[in-house]
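So the structure is just underneath, and the comments pick up after that.
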Protein chains: 4
Amino acid sequence: MSLPARLTGVIPPVCTPLTPDGDVDTGSLIRLVDHLTGAGVDALFVLGSTSEVAFLTDAQRRTVVRTVTGHVAGAIPVLAGAIDMTTPRVAEHARAALAAGADAVVATAPFYTRTHPAEIDRHFRLLAAATGAPVLAYDLPGSVHSKLGADLVLGLAGDGVLAGLKDSSGDQGTLREVIAARVPGFSVLTGSELLVDTALLMGADGVVPGLGNVDPHGYVRLVRHCAAGEWDRARAEQERLCALFGIVDAGSPARMGRGSAGIGAFKAALRLRGVIDHATTAPPQIPLSEGETDDVAKRLTAAGLL
Amino acid sequence: MSLPARLTGVIPPVCTPLTPDGDVDTGSLIRLVDHLTGAGVDALFVLGSTSEVAFLTDAQRRTVVRTVTGHVAGAIPVLAGAIDMTTPRVAEHARAALAAGADAVVATAPFYTRTHPAEIDRHFRLLAAATGAPVLAYDLPGSVHSKLGADLVLGLAGDGVLAGLKDSSGDQGTLREVIAARVPGFSVLTGSELLVDTALLMGADGVVPGLGNVDPHGYVRLVRHCAAGEWDRARAEQERLCALFGIVDAGSPARMGRGSAGIGAFKAALRLRGVIDHATTAPPQIPLSEGETDDVAKRLTAAGLL
Amino acid sequence: MSLPARLTGVIPPVCTPLTPDGDVDTGSLIRLVDHLTGAGVDALFVLGSTSEVAFLTDAQRRTVVRTVTGHVAGAIPVLAGAIDMTTPRVAEHARAALAAGADAVVATAPFYTRTHPAEIDRHFRLLAAATGAPVLAYDLPGSVHSKLGADLVLGLAGDGVLAGLKDSSGDQGTLREVIAARVPGFSVLTGSELLVDTALLMGADGVVPGLGNVDPHGYVRLVRHCAAGEWDRARAEQERLCALFGIVDAGSPARMGRGSAGIGAFKAALRLRGVIDHATTAPPQIPLSEGETDDVAKRLTAAGLL
Amino acid sequence: MSLPARLTGVIPPVCTPLTPDGDVDTGSLIRLVDHLTGAGVDALFVLGSTSEVAFLTDAQRRTVVRTVTGHVAGAIPVLAGAIDMTTPRVAEHARAALAAGADAVVATAPFYTRTHPAEIDRHFRLLAAATGAPVLAYDLPGSVHSKLGADLVLGLAGDGVLAGLKDSSGDQGTLREVIAARVPGFSVLTGSELLVDTALLMGADGVVPGLGNVDPHGYVRLVRHCAAGEWDRARAEQERLCALFGIVDAGSPARMGRGSAGIGAFKAALRLRGVIDHATTAPPQIPLSEGETDDVAKRLTAAGLL
């Protein structure tokens, strides 16, 4: 499927189920895709941060894209992350993802290097030229350690270089500035799963919620309440999802990083709900303990998901 | 060549010359290696940050290691960076570099992900197990956004997981703590090219100076003065090199990042000195202007290198 | 006036007009207070960051509180910032402000020192005990370099230590968590003047908008639209105010800090609108140039304020 | 005493002993001064970070300066910190310290505010003009959150605005650049107590070691070894002091900030050595536990100081 004029709605970043040996568990991945599409999501985003893209080898990345695009078979768009340090390496991932069937690619600013805004601008222009496919910018300062400014994004959007923005910066003021410019055909998606109602109130087009792996129905309902202008119902649904998001605090910060805790909780929840076979995360992440997994289970039960 | 019991001396991070089209310029690379070995350096470090490793594709990385190890033919050790986001991806680079002839690999902590010290510890242990070759830790918080603590490094050193540390953190207090522990067989190298005399006074084993591409003779002299306890002569040589390091300020910070300015200056100097054919840097870096290159030339002349 | 059960609505942080010699311009300050109360604001916050509290001597701080509380004479509550590095110094400012007539004090976490959450908790408990007056926590990581966590704030709120939170952190996820807990009698105010509609949608009690000095009527309208559930009209008003906020970009970032540009723009706008006599800011801030002030004037005209 | 042409040698930042009630313990302060001068230090620095200046009220600051200058009676120079957020407030502290007998003042860049280098430059020029006394710049990015650049410092030094620099930034490259310029009459002091030999090797004039409260004799010996070019003996003494510095790790990072642990350890050591009466630190700092104090005692014993 090619992209719609403008991406909208719920676009979960799809977790990458792994076998205990660390291989991509394609059977579980297909069941997860069915879990998401069955809930009515509008598109899928594979190879994002929540997908553990930073931990997957090139071969594993290809497997993920082929498995998902093959199974979805054009029913909804599939976006793929092309996550690497600089333009030449990102371009290779982008070409591989497109060759494997992705409809669009999502790329961050360069990282590891010390980057100037002019270099970020050049990076996205070169990427768009190299891929010939829709490119969305992924603003993720927590990983990339630079923030995409509104002027930069709007310049690239206005020139047709970017098809959209996935904003996981947490900076709602800049997000608002980008939205308020209302560039035709440019899709603004928030990655802040706790702020969906407020982002849609501002005029955002959609959401890329990591927690949407666990409760896609909740996010679909939330977005529909917003579209209907039923802001009180939206807030109630959002607050329910915020409480559910507490699963990411199950993993002890004394023992593991916030990445291990977050992705570990999502995978534990998916296994507990019977969607995937194993909660395995990629090394060097630290797995949740049995007690921490029990804590996830309790929160799922409280949220009516178990 | 296998590694000596302990790496010491001058180990420059070798720039990666590129053709105007962005390919690895192997002819220039070989001349650069000759320029360095001719000055008497003790080992070579390819695929480091100064080598633009973040910008090189996997194929280009292989070309670099094969070219250099093939040319050096065991005369001195060749270390190779295995720079990527997490353990599975770093392990693949490490295996490729070793297969292409490298004697040891150099790896950072995970980046892009949100990492806990326990995960960094696990990362290096898994890497050492996966490669079966000497692994040096590369402490580079400016790129990696986490700092390797002295306890972490010394624990890994004491357990024989790490063969050494390349410290580019700028944190001389932690460097001192690692040096003072004097772990047998563990090599402590500073990447701070402006602080070589002081690092060696503290007891560091050697230096990995980016500026050593431009003036390897200077660094070889500097290390010899230190070894001889001629600290006044060492300081004078170090101050001369500090002044030469001013070439990295030629590129305007209003137009480019500090990476573009630094690597651009090293490559401009190498071209001006006739060592390499082109000063091309990889995209999306911004090239030095003609005027900025003239400024590099003036500083080379002042330093007696042109 | 003592505080209402819960502070709500528009509570502007009052600019501190200065004479060209740097003294507090009490005549202009009184006119500014009339400008704000005439627009229907619900309370006043003096000695906040927008008030240049960091630049005012103790004597000037006292003059500000006395002038404003004397003029307001209990018609609406007056909150006063007690901004200093640690508990003993903050407590002195708090006592002085209360003695000068303030109804409540607003304090940040300790800064300059390297602080642990347990010390921040202790800080607010000691302050509340020392002052015997309502204390609001001021979350301003951009100045204080630590973030107040939701657990910390809610613990202090639940124990009756804090009467409210002024959140200028920009972290809307944590703000939502604090709001969603709905602690009785605890007032949650946002300092993010570009995100008022979304904060009120989440359930915030009010807003402390620096830009409210320039256009208090706009913020009063905005809060009324939100209270009425007229979210489309609220968004339109908020976007108008976001555009007006562009005045803070008039001052060149090449010449001055963002503080100089922001406060300089507010004061230039107040002078252009005839509210205060001088746009003088305290040293070492850099004043706006004539051309930059013209730029402010153009934006005021575009917003219908001149 | 007026300042010597150039400050040199060991200039400890004097701890401020407190009574259990939080008052300045002037008897202990005088014994501490005798402990330091008896060891042969070259000058004293009161009201620095190690002196808990951030926690002392204005009255307490005055008491400290009067007590120390009165007791020293001109035998050696007394520098006083004038630590506050911006120029007008710093100038008031500076005038008070000079009136109380200080020979020079030490000031940081503005903090809490968002500052531009041009504003920092203006800040020091205004301060020098306002005080008419020697002003030293205090570079402490850990507290102030901006770094003084070499160009800025050297510009102010060259214009006679600054009499010296106290560098506690940890950035030895910039320190080297400032030293290498060798501005006549400008004193460069390092605050990095673990890097004294290397700073003196580079050409620094002296050291301001917090740990010098505990072991002033060690620092005096260290500086004498350096002056004599006995670098091996200097290194041995420095490594001994580095080991002693481990006392700052006695306080648990799970319970307290690094400030509480550091100052708490210095004060515990001074009490254990019989120099001061109480180890009390100012609120909201967390005191060391009995067990943590025992740990300090063990390290003092190991260092031959108990």
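Just so it is clear, the structure is predicted and the values come from calculations on it, not from any experiment. Residue numbers begin at 1 in each chain, while the letters A, B, ... track the order of the sequences.
Among B:Ser260, B:Gly262, B:Ala282, B:Ala91, the residue making the largest number of heavy-atom pairs under 4.5 Å with chain A is B:Ser260. Contact tally against chain B (heavy-atom pairs below 4.5 Å) for A:Asp84, A:Thr57, A:Thr108: the top residue is A:Thr57. Top candidate by heavy-atom pairs under 4.5 Å with chain B, chosen from A:Ala54, A:Pro117, A:Ala118, A:Gly142, is A:Ala54.
The minimum heavy-atom distance between B:Pro284 and A:Thr87, with the atom names listed, is CD-OG1, 3.0 Å. Annotation for B:Met85 and A:Phe111: closest pair SD-CZ, 3.7 Å, computed over non-hydrogen atoms. B:Pro283 and A:Leu126 make their closest contact through CB-CD1, 3.6 Å (heavy atoms, listed as atom of the first residue, atom of the second, distance).
Going from atom OG of A:Ser143 over to atom CZ of B:Arg114 covers 7.0 Å, rounded to the nearest 0.5 Å.
The interface of residues 149-171 of chain B with chain A, defined by heavy-atom distances below 4.5 Å, is empty. Against chain A, the residues from residues 249-259 of chain B that qualify, each with a non-hydrogen atom under 4.5 angstrom away, are B:Pro253, B:Ala254, B:Arg255, B:Met256, B:Gly257, B:Arg258, B:Gly259 in number order.
B:Thr113 places none of its side-chain heavy atoms less than 4.5 Å from the side chain of A:Glu52. Using a 4.5 Å cut-off on side-chain heavy atoms (C-beta onward), B:Val144 and A:Tyr112 make contact.
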Apply side-chain contact (heavy atoms from CB on, under 4.5 Å) to residues B:His116 and A:Ile286 and explain how you reach the verdict. CA-CA 9 Å; B:His116 187 276; A:Ile286 308 283; 5.9 Å; no

Any chance you could lay out the side-chain contact (heavy atoms from CB on, under 4.5 Å) test for B:Arg89 and A:Asp58, step after step, and finish with the verdict? CA-CA 8 Å; B:Arg89 295 185 62 83; A:Asp58 289 1; 2.9 Å; yes

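In this structure, the portion of A:Leu140 lying under 4.5 Å from any heavy atom of chain B is its side chain and not its backbone. B:Pro110 touches chain A through its side chain: at least one heavy atom from C-beta onward sits under 4.5 Å away, while N, CA, C and O do not. For A:Asp121, no part sits under 4.5 Å from any heavy atom of chain B, backbone or side chain. Proximity to chain B (any heavy atom under 4.5 Å) is restricted, for A:Glu92, to the side chain, taken from C-beta onward.
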